[in-house]
Amino acid sequence: MLRISTHLAYSTGVDTLQKRQRDMSDAQARLTSGKRVEKASDDPTSAARAERAMAAAARADANQRALDASRNNMVQAEAALGDADELMQQAREMILSAGNASFDDSQRNAVVQRLAGLRAQLLQVANRGDGTGGFLFGQQDPVTPPFADVAGSVQSTAPSQLRYTASDEALPLNRDGNATWMSAPSGNGIFETRAVTAGGGAFVDAGRASQGTPTTSTYDVRFTVSGGTTTYDLFKDGVPTATGQSWASGQSIELEPGSGLAFTVSGKPVDGETFQAVPSQPTLNVFDALDRAIGVLGTANVANAPATQAVQFALRDLDSVAITMGAQRADAGAWLARLDNTESRLGGQKLQAQTDRSSAEDLDMVQAVSDFKTKQSSYDAALQTYSMVQRMSLFQYLNP
């Protein structure tokens, strides 16, 4: 027969009472914190899941900060390109007005001063900072401005290089300065017309390329004036292809039969005056275009034909630069739209991480309250049992 001593009964009761009290205290602590897993030993598997979810949420926060930096710079770059477009429109209007044949030197000098001011403003826009010590159109060097005015010519100070965020998805922190400001296609995008001889009485337009086919050849048109009759000779890469062709002012000259390449010469060419069409190159920048116009229009007693030629070339070049900058501005806008989509995706990732963490460690309050009530009832029952055990002694039994 198993004998249970009074001491054993007391000890067992106390142990049970303490266990019930600990269980009730733990349940109360979980209710207070709202967490089912407060330390790894509570549930190692769930604790690991919660840790992974916390890391994912932290990574989403870091990516969001990188995205905010990229968006801030893209917004500023898009605004800067908008400012540049407005300045170029003003320059275009000033140059167009300078083509007025009634303008004298003082009026053209006023235009030149205005163009010089617009050029300086454009250079400031090209070197605009991003507010964090870098440049919107800069390379990796955060100290040196991306463009410098050296000996009257604006030059890039470093090779073109984009900067990206160090996040899960590489996001741009700047725009390609050289591609934006220094790499517009010269001429009409297919070929560039030039006045080979200076001081003549004629001028050439930007030309046309109806088929849009690039050319690798150089074409020369040389005028001959004899006995009041003007004719021209056409050369392709230095080889004559047509000679003694009749000409009238405003006549379109086809550079090669069936090629769709042509330009128009107007005015009164002098004997030997030559115009040229060379393949377009992606080397045009807005500063050189303005400098050429300023150089010609600022010349004293400039004749109408050279002034008109300078205006024609300047308008052509500004239009080409404006198209290139418009494409860059559109690309910045496309990045802003992409950043919005990325932000939405990051928000979903963070929400999922928070949901996973909550699922791993948060408390089911309904279940927790029920468990606490159960443990409280168990503790009350243990108290009553212990109090009954305390009264179970031989002395109390013999006590009358």
Side-chain angles (χ1 to χ4, degrees), residues 74-130 135-137 145-150 152-156 175-189 192-193 203 205-206 282-300 302 304 306-333:
M74 289 302 101
V75 167
Q76 293 186 75
E78 195 274 338
L81 291 171
D83 293 342
D85 181 68
E86 183 176 345
L87 291 171
M88 286 192 297
Q89 289 299 324
Q90 295 179 33
R92 195 180 195 286
E93 293 172 4
M94 296 301 297
I95 291 173
L96 193 59
S97 69
N100 191 328
S102 65
F103 270 31
D104 57 20
D105 286 350
S106 62
Q107 290 172 306
R108 286 200 175 105
N109 283 332
V111 172
V112 166
Q113 293 300 319
R114 178 62 175 151
L115 289 176
L118 292 173
R119 178 188 184 277
Q121 292 181 64
L122 280 168
L123 182 57
Q124 291 177 353
V125 174
N127 285 331
R128 184 173 293 179
D130 60 8
F135 298 94
L136 295 175
F137 302 98
F147 303 100
D149 201 348
V150 181
S153 175
V154 174
Q155 300 175 5
S156 175
R175 299 299 301 165
D176 188 331
N178 288 343
T180 302
W181 297 91
M182 311 295 284
S183 302
S186 62
N188 57 27
E192 177 188 359
T193 55
F203 53 91
D205 67 358
T283 56
L284 176 66
N285 70 76
V286 63
F287 307 105
D288 286 347
L290 291 176
D291 287 341
R292 285 192 290 269
I294 289 171
V296 175
L297 297 177
T299 302
V302 64
N304 285 333
T308 302
Q309 186 67 86
V311 169
Q312 292 271 8
F313 284 165
L315 294 178
R316 175 199 66 189
D317 293 345
L318 284 179
D319 289 344
S320 179
V321 171
I323 291 173
T324 298
M325 286 191 175
Q328 289 289 328
R329 188 178 183 185
D331 187 62

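If you take CG on D288 and CD1 on I294, they are separated by 11.0 Å, rounding to the nearest 0.5 Å. How far OG1 of T283 is from CG of N178: 12.0 Å, rounded to the nearest 0.5 Å. Considering CG of D176 and CD of Q328, their distance stands at 6.5 Å, rounded to 0.5 Å. Within the model, atoms CG of L87 and CD of Q124 stand 9.5 Å from one another, a figure rounded to the nearest 0.5 Å. Separating the CD atom in Q309 from the CZ atom in R292 is a distance of 11.5 Å, to the nearest 0.5 Å. With rounding to the nearest 0.5 Å, the separation of CD in E192 from CG in D317 is 6.5 Å.
Using a 4.5 Å heavy-atom threshold, the side chains of W181 and N127 count as separate. The closest side-chain heavy-atom distance from V111 to R114 is not below 4.5 Å. Side-chain contact between N188 and T193: absent, with no pair of heavy atoms (C-beta onward) separated by less than 4.5 Å.
Remark: D319 engages R92 in a salt bridge, criterion side-chain N to carboxylate O under 4.0 Å.
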Practice item. Could you go through the side chain to side chain contact (heavy atoms under 4.5 Å, CB included) check for V321 and N285 one step at a time? Key: CA-CA 7 Å; V321 171; N285 70 76; 5.9 Å; no
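No side-chain N or O of Q76 forms a donor-acceptor pair with one of R128 less than 3.5 Å apart.
Contact record, L136 with G129: CG-O, 3.8 Å, taken as the closest heavy-atom pair.
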